[in-house]
Student: 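First the structure, then my questions, so here it is.
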Amino acid sequence: NRAMTTTAPTPAFAAPLLHLVCHPATPTPVVHRLEATIRANPDGSLGLFYCLRGDIARLRIPEDCAPERMDQLWEHTCFEAFIAVRGESAYREFNFSLSGQWAAYAFKDYRQAVDQVPVIAPPTIVTRRFAGRIEVDVVVPAPSLPSERGQWQLGLSAVVEEADTVDGNHSYWALRHPSPRPDFHHRDAFALALPS
């Protein structure tokens, strides 16, 4: 349990409760519901909250470890956020593992990584585990977010790995699935508008 007691600032903007949907190509009876909320904090940081409800004992949950940057977190259970400025082709991807590890990537266009990765400050990740749900609270510091002015477009998503299947079955969750196969990078999956 990585819970810690803090006093949250009053958000400058908070989205209503959002429901992530499972991609129809990856159905699972193990996850009953996956919800998220998002808030823009007065200090310019972005707060993300994910709540996964289901048969937690049947999920493969990463063990706690040092909160360091790590690639390929999407191979196991993790939560994600994609952020772009409306009208711009560039976007950023953030991955948050229940282990406390994280990753961040910058793209100049669809799946085209930038030549020089910008300096990205580590997010704060707090995970709470309960019998029937897992909560993940994330704060992404302001310097890690796009600096361009304009309305943000966000995609919130998750990869959930089951523990009791032979091949390590994964389900893919997002606000919207515009493609026949799971593709969180698809711009039409950036379904939430947020003032920058």
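Bear in mind that the values here come from a model prediction, so they are computed numbers and not experimental data.
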Student: How many angstroms lie between CG in L98 and CD1 in I61, if you round to the nearest 0.5 Å?
Tutor: 5.5 Å
Student: Give the minimum heavy-atom separation between P178 and D188, together with the two atoms involved.
Tutor: CB-CB, 3.7 Å
Student: Tell me if a side-chain donor or acceptor on R86 pairs with a main-chain N or O of Q153 at a distance below 3.5 Å.
Tutor: no
Student: Using side-chain heavy atoms (C-beta onward) and a distance below 4.5 Å, is T28 in contact with E162?
Tutor: yes
Student: Kindly indicate whether the side chain of P123, heavy atoms from C-beta on, has any atom under 4.5 Å from the side chain of V139.
Tutor: no
Student: Apply side-chain contact (heavy atoms from CB on, under 4.5 Å) to residues I83 and L46 and explain how you reach the verdict.
Tutor: CA-CA 11 Å; I83 306 174; L46 190 65; 3.6 Å; yes
Student: Same hydrophobic cluster for F49 and I134, using side-chain heavy-atom links shorter than 4.5 Å among ILVMFWY?
Tutor: no
Student: Taking atom OG of S99 and atom CD1 of I125, what is their separation to the nearest 0.5 Å?
Tutor: 7.0 Å
Student: Output the distance between atom CZ (R53) and atom NE2 (H32), rounded to the nearest 0.5 Å.
Tutor: 11.5 Å
Student: With clusters built from Ile, Leu, Val, Met, Phe, Trp and Tyr whose side-chain heavy atoms come within less than 4.5 Å, directly or transitively, what are the remaining members of the cluster of M70, listed by chain and number?
Tutor: L73
Student: Working to the nearest 0.5 Å, report the span between CG of N169 and CZ of R58.
Tutor: 10.5 Å
Student: Check the pair F96 / F79 against ring pair (Phe, Tyr, Trp, His ring centres under 6.0 Å), numbers first and verdict last.
Tutor: CA-CA 5 Å; F96 315 110; F79 299 90; 8.5 Å; no
Student: Pairs in or reaching into residues 70-84: which pass salt bridge (Lys or Arg N to Asp or Glu O under 4.0 Å), with residues at least two apart or in two chains?
Tutor: none
Student: Does L48 reach the side chain of T37, with side-chain heavy atoms less than 4.5 Å apart?
Tutor: no
Student: V140, I120: one ILVMFWY side-chain cluster at the under-4.5 Å cut-off?
Tutor: yes
Student: Over all heavy atoms of both residues, which pair between R187 and A84 is shortest? Give the atoms and the distance, please.
Tutor: NH2-CB, 3.0 Å
Student: Does a side-chain heavy-atom distance below 4.5 Å link Y110 with Q112?
Tutor: no
Student: Could you state the interatomic distance from NE2 (H23) to OG (S157), rounded to the nearest 0.5 Å?
Tutor: 12.0 Å
Student: Filter on side chain to side chain donor-acceptor pair (under 3.5 Å), then keep only pairs touching residues 130-144, sequence neighbours left out; what's left?
Tutor: R133-E135
Student: Is T127 reaching over with its side chain to a backbone N or O of V136, donor-acceptor style, under 3.5 angstrom?
Tutor: no
Student: In Å, rounded to the nearest 0.5 Å, how long is the span from OG of S171 to CG of L34?
Tutor: 8.0 Å
Student: Keeping to residues at least two apart or across chains, list the salt bridge (Lys or Arg N to Asp or Glu O under 4.0 Å) pairs with something in residues 99-114.
Tutor: K108-D115, R111-D183
Student: Taking all non-hydrogen atoms of both residues into account, name the closest pair between L18 and I38 and its distance.
Tutor: CD1-CG2, 4.4 Å
Student: Would you name the heavy atoms of S45 and P141 that are closest together and state the gap between them?
Tutor: CB-CA, 4.1 Å
Student: Side chains of L52 and V31, heavy atoms from C-beta outward: is any pair under 4.5 Å?
Tutor: yes
Student: For the side chain of N41 and the backbone of D43, is there at least one donor-acceptor N/O pair under 3.5 Å apart?
Tutor: no
Student: Check which hydrophobic residues are tied to F190 through side-chain heavy-atom contacts below 4.5 Å, counting indirect links as well, and list them.
Tutor: W74, F82, Y91, Y105, F107, V159, Y172, F184
Student: Could you check H76 against S97 for side-chain contact (heavy atoms from CB on, under 4.5 Å), going step by step and ending with a plain yes or no?
Tutor: CA-CA 8 Å; H76 304 288; S97 173; over 6 Å; no
Student: Write down the atom of C22, the atom of P27, and the distance for their closest heavy-atom approach.
Tutor: SG-CA, 4.1 Å
Student: Among residues at least two apart in sequence or on other chains, which ones pass side chain to side chain donor-acceptor pair (under 3.5 Å) with E35?
Tutor: R33
Student: Counting C-beta onward and ignoring hydrogens, is there a side-chain heavy-atom pair between W152 and L192 closer than 4.5 Å?
Tutor: no
Student: Under 3.5 Å, side chain of H177 to main-chain N/O of S179, donor-acceptor pair present?
Tutor: no
Student: Counting C-beta onward and ignoring hydrogens, is there a side-chain heavy-atom pair between H19 and L17 closer than 4.5 Å?
Tutor: yes
Student: Under 4.5 Å between any side-chain heavy atoms of V138 and V126, yes or no?
Tutor: no
